Amino acid sequence: MIVPTRTLFEHAYGKYALGAYNINNLEQTMGLFRGCIDSQAPFIIQISKGARAYTDKHMLEAIIRTAGDIFPESLFAVHIDHGDEQTCYDAISSGFYSSVMIDASHESFEENVAITKRVVEAAHAKGISVEAELGMLGGVEEDIKVDEKNSCLTDPEEAHAFVHASGCDSLACAIGTSHGAYKFAGGQGIHFDRVAAIQAQLPGVPLVMHGSSSVPQDEVARINAAGGALKEGAKGVDPAQYLPAAKLGVCKVNIDTDGRLVWTRVLREYFKENPGEFDLRPPGKIFMAEYAKFIASRNVLLGSAGNLASAREHALSKH
Ligand code: G3H
Ligand code: 13P
Ligand code: ZN
């Protein structure tokens, strides 16, 4: 069942985080639903602009709808990941999405507020919630000073001003993570002091952590043993930190890269071991099963596992 993102956040806030998983195709979708049912977890499916362009936005929407029918027990929200203004308006008018992210974090504070505010007005008119971003994710390099590193992080007072001026429903914050497989060149992890300071300024406002993949080292080793060339510094977030972050108001944890690593490992190993094969289904089947296992393991670490029944009860009480 597709539910509003805010309904899932209400249930999770301060207790656990929802995994927000990116999908691009039906194999990822099937693995995601299977993993969430196996772990009895509510979840968020997110679609980036690139994912919508990979086949066609309608293809992905149809795949999601159908997966919801195949797994009638599932409880999830559908979200636009890193949307620009036009993509947000398109998603809002389609009536299919639970929430959108407007990513104007590269703009000035004032411009970010103005753009976010326009999207919020359009989204709220249709009951859709909006995630916005403040701060600079990534770009935190090993050779820059701590002061400079911290200046890339979201400023708690600015976060307060931003949320109140823009009217956004949740806030993606820069708290030390970055996108992709090469995080933490400087060896640091999540800045918990910064998360706590942002929560103190914005009590009750759901926070979002982008760049949350853990880049499992055994996955990296298997990919490289099967012909891959991932570099030495491939490193991610310690997944044992998801739950402590959730207790500080981080309700949504974005994971995409880790799913790509599962896919890369499965396909590389399969074709290395079966060089004469050219049927796409056997590795596709292995991927769906492996991805389901990965998703279930993440939901356990996020604390969302086991929350399906009570989250459904909460969602039904809202309708
Ligand atoms: O943060 C970005 C997500 O990992 C989506 O990536 O834009 O390549 O689909 P993408
Ligand atoms: P990862 O690259 O760490 O998986 O982050 C994904 C993300 O933030 C999607 O918005
Ligand atoms: Zn992101």
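Here the structure is a predicted model, which is why all the values come from computation and not from measurement. For ligands, and for the atoms within them, numbers begin at 1 and follow the listed sequence.
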List the closest protein heavy-atom neighbour of atom 9 (O) of ligand 1: residue, atom name, distance to the nearest 0.1 Å. S48 OG, 2.6 Å
Identity and separation of the nearest protein heavy atom to atom 6 (O) of ligand 1: R260 NH2, 3.2 Å
Considering only heavy atoms of H179, which atoms of ligand 1 have at least one such atom less than 4.0 Å away? 1 (O)
Side chains of I47 and K57: does their closest heavy-atom pair fall under 4.5 Å? no
Which bit of N22 gets closer than 4.0 Å to ligand 1, counting heavy atoms only: side chain, backbone, both or neither? side chain
Using 30° and 60° as the class limits, which term best fits the ring planes of H314 and H11: parallel, tilted or perpendicular? tilted
May I ask you to check whether F287 and Y270 place their ring centers less than 6.0 Å from one another? no
Tell me yes or no: between the side chains of R298 and S214, is some donor less than 3.5 Å from an acceptor? yes
Examine I286 and V262 and state if one hydrophobic cluster contains both, with Ile, Leu, Val, Met, Phe, Trp and Tyr joined whenever side-chain heavy atoms are less than 4.5 Å apart. yes
Atom 2 (C) of ligand 1: which of R52, M101, K49, H82 has the nearest heavy atom? H82
Using a cut-off of 6.0 Å, state whether more than 12 heavy atoms not belonging to K285 lie near its atom NZ. no
Please list the nearest protein heavy atom to atom 5 (C) of ligand 1 with its residue and the distance rounded to 0.1 Å. D256 OD2, 3.3 Å
Ion pair check, K293 and E290, cut-off under 4.0 Å: yes
What are the two closest non-hydrogen atoms of S304 and P42, and how far apart are they? O-CD, 3.6 Å
Atom-level proximity to ligand 2, residues with heavy atom under 4.0 Å: N22, Q46, D81, H82, H179, G180, K183, H210, G211, S212, S213, N254, I255, D256, T257
In H210, which N, O or S atom comes closest to the Zn ion (ligand 3)? ND1
Using the rule that Ile, Leu, Val, Met, Phe, Trp and Tyr join whenever any side-chain heavy atoms are under 4.5 Å apart, tell me whether F43 and V3 fall into a single cluster. yes
